[in-house]
Amino acid sequence: MRFLLFVFLTLFSASTIQAQTQPWQGKFEPIDNMIAPPNSYRTASGAPGKAYWQQRADYKIKAILNEKNNTISGEETITYYNNSPDDLSYLWVQLEQNVNKKGNEDFGSINNNVKDGMNTRQMQFLTRAIDFPAGYTIKYIKDAHGNTIKSLVNNTMMKVLLNQPLKSGESMSFSIGWSYHITDRSMYLLSREGYEYFPEDDNTVYLIAHWFPRMAVYNDTEGWQNQQFQKLGEFALEFGDYDVEISVPQDHVVASTGELMNSDDVLTKTQQKRMKVARKSFDKPVMIITQEEAIANEKTKTTKLKTWKFNAKNVRDFAFASSRKFMWDAQAVKLPTNTVMAMSFYPKEGLPVWQEESTKAIMHALEVYSEATFDYPYPVCISVNTSNIGMEFPMISFNGGRPKNGKIRDGAKQGMIGTIIHEVGHNWFPMIVSSDERKWMWMDEGLNTFLHQRTVAERYPNFRNIKPKNIAPFMSGDKNILRPIMTTSDNELFSQFGANFYLKPTVGLQMLRHSIIGKELFDQAFKEYANRWKYKHPNPSDLFRTLEDATAVDLDWFFRGWFFTTDNVDIELTDVKWFKVYEENSNIEDQNKTLKVKIEANGKNTEAKAKDFSNGPEVINMVTTPDTAYGQFLSRLDEPEIRKQLSGKNIYEIHIKNIGGLVMPVAIEWVYADGTTEIDRIPAEVWRKNEYNIKRTFIKNKEVVKVNLDPNFEFADTNMKNNSFPKIEEVSEFDTFKEQKAGN
């Protein structure tokens with residue numbers, strides 16, 4: 001006996017230790033061990049803590065664009081504020097242009113393999129047969145006294161070795177001189193900036209971004225974010241003020257982050273008068289530069305320079321576009337707390353669709369995003385047309401989509417407008433709610449795509465829109481290849497990053513809004529997150545915690561399954577049992593009498609599992625509750641009333657199996673014999689006790705002829721063929737059902 005007790009205690013202790021070291025990972029367990037723990041910087045509620053801090057960097061930049069040799073050179077002074085509790089003996093500065101140096105990872109081989117018949121551009125991506133003098137030339141780094149500061153360059157990161165430590169709470173200024181050759185965008189895959197050449201009129205549109213050495217982020221979660229730039233994962237940047245002077249050919253027009261400070265020097269009197277009109281035009285854009293003026297400007301080709309001066313407050317980046325080809329229109333957009341100038345710049349090749357649609361799309365994005373989060377805070381919002389791109393920066397975005405010979409397909413037009421809305425939307429995520437794109441691409445792309453789709457749904461209801469069903473094919477893919485959303489940006493497969501970082505988070509947020517939390521409560525919580533973290537650096541844990549904190553809904557099961565696993569939704573309606581209760585004897589005085597179920601289908605009953613409802617309801621017996629079942633309770637239920645309430649009613653017991661592994665709420669559609677339908681909803685918590693099989697009982701007045709799960713495709717079920725009873729046997733029948741529901 002003692003031996004058995006010893007064995008029991010030993011096994012119990014071992015299991016306890018194992019449980020402590022390997023905590024239970026059920027689908028409804030908290031995700032506390034999967035996200036960063038709260039602290040004085042980031043609270044358990046998801047809000048910034050009292051001790052939250054972040055660094056700051058202000059810039060003064062003077063740059064010259066040389067059109068003859070396609071180079072840009074500049075001098076900048078960075079004032080860096082060390083708001084951290086740490087003393088810093090060195091700083092990390094980002095040099096993104098170095099990614100284009102030959103030998104560095106430029107992702108040219110993505111989805112490109114050597115094969116017979118491959119086109120020349122694909123071969124250029126792979127081999128760089130035409131080489132290019134890419135990357136920065138750093139001319140000097142000096143402190144405020146003119147003393148040289150040593151540095152070490154590691155690919156796209158430069159380590160600035162300070163002459164003396166920068167202490168906590170102090171700031172310092174240092175200057176960098178630099179230059180680089182601007183990239184020909186047609187030669188490089190995933191080129192987010194560079195120039196586009198137009199052979200017909202021998203002109204160029206310059207998209208200048210990632211163009212000056214920029215401070216890397218130093219934060220409370222990982223210290224320096226000095227992960228190398230590999231093109232797929234984008235940027236992590238600090239906020240600051242910018243004073244920028246850009247010298248370009250005199251006949252160029254510049255569109256830029258910030259507010260133009262010297263319009264008298266760079267705009268004609270006519271352009272200034274038109275801008276004055278545009279500032280009061282809230283119903284339509286005003287042409288600042290017309291088509292005829294832009295075409296005339298294309299022919300000038302001056303070599304003289306003109307300097308444009310811009311000022312931007314509290315932004316995390318700065319970009320601009322320059323060309324003599326630009327047409328320019330502008331319109332005022334009135335928000336509750338701000339009036340914004342929405343402006344579009346485009347070459348004649350963008351006509352007529354850009355003149356008709358671009359600034360209108362900016363306006364729609366500004367209004368919907370502001371309502372969903374906070375009012376757009378900046379003075380301008382600009383869309384610039386170019387080819388094969390959609391890329392965002394504070395106050396300005398570069399957007400593709402052009403007609404051919406003045407005509408554009410409906411699908412291409414929708415894509416163009418969607419791109420503009422999407423890139424304008426990035427002003428909120430991540431330009432203001434400043435998540436780390438290099439680490440968590442989904443935090444900006446997913447959240448932004450969610451609001452982008454909301455904008456399209458509200459302002460362009462006839463356009464195609466992302467819905468949960470769109471992610472189902474991806475989620476039903478090979479689990480050996482699929483990766484969860486919580487994969488860092490550069491480690492995602494190129495073939496999957498669009499679905500995993502854009503589409504899947506969007507669908508997840510749509511589910512939360514429409515089917516799990518509810519619109520009003522979700523919208524308030526989403527707005528709370530945006531306002532808590534505007535001009536700050538949130539992490540995934542801050543988003544997850546805020547959504548729970550602001551809704552009082554336990555969402556750990558959803559975050560665990562949707563973001564941390566590759567499970568998919570596939571629930572099967574395995575069986576539906578039908579029972580019907582009636583009063584066999586209308587005079588119920590004896591509570592010990594047995595209540596029986598009437599057999600309605602030709603008096604037949606079968607023990608075999610029913611394939612449909614043709615055999616009628618099954619026979620059951622319901623007896624009076626014995627006293628012993630009440631335990632010590634002295635009161636008794638009104639059992640005659642219970643029998644009365646059930647008399648003649650249809651009782652349906654449904655059996656559901658979780659095949660895909662991902663738990664979700666269950667929507668059940670009842671199709672009645674009279675042709676009417678009804679939907680019941682069961683919350684996801686129904687799976688708490690059994691994550692694989694559940695049963696639920698429903699009482700219906702009408703007879704049911706069909707039961708469907710997830711009838712409106714709310715939960716991205718990957719196999720709708722097993723969602724119905726009676727079973728859908730024929731593919732054609734399923735496809736018809738699917739098309740009808742999709743149309744609704």
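Both backbone and side-chain heavy atoms feed into the values below; hydrogens, waters and symmetry mates do not. We count residues from 1, following the sequence as given.
- For the residue pair Asp549/Thr546, the side-chain donor-acceptor check at 3.5 Å is not satisfied.
- For Tyr535 and Phe239, the ring centers sit closer than 6.0 Å to each other.
- Contact of the Leu451 side chain with the Arg454 side chain is registered, since non-hydrogen atoms from C-beta on lie closer than 4.5 Å.
- If you look at His210 and Phe235, their ring centroids are closer than 6.0 Å.
- Annotation: Phe501 is not in aromatic contact with Trp440 [ring centroid separation under 6.0 Å not met].
- The closest side-chain heavy-atom distance from Phe544 to Ile35 is below 4.5 Å.
- Residues Arg560 and Asp556 fail the side-chain proximity criterion, which asks for heavy atoms closer than 4.5 Å.
- Side-chain contact check for Val315 versus Met395: some heavy-atom pair is nearer than 4.5 Å.
- If you look at Phe212 and Phe318, their ring centroids are not closer than 6.0 Å.
- Less than 6.0 angstrom separates the ring centroid of Tyr52 from the ring centroid of Trp533.
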Audit row: Val254, Phe310, side chain to side chain contact (heavy atoms under 4.5 Å, CB included) steps and yes/no: CA-CA 10 Å; Val254 175; Phe310 295 91; 3.8 Å; yes

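- Between Tyr90 and Trp92, the angle of the ring planes goes over 60°, which puts this pair in the perpendicular group of the 30/60° scheme.
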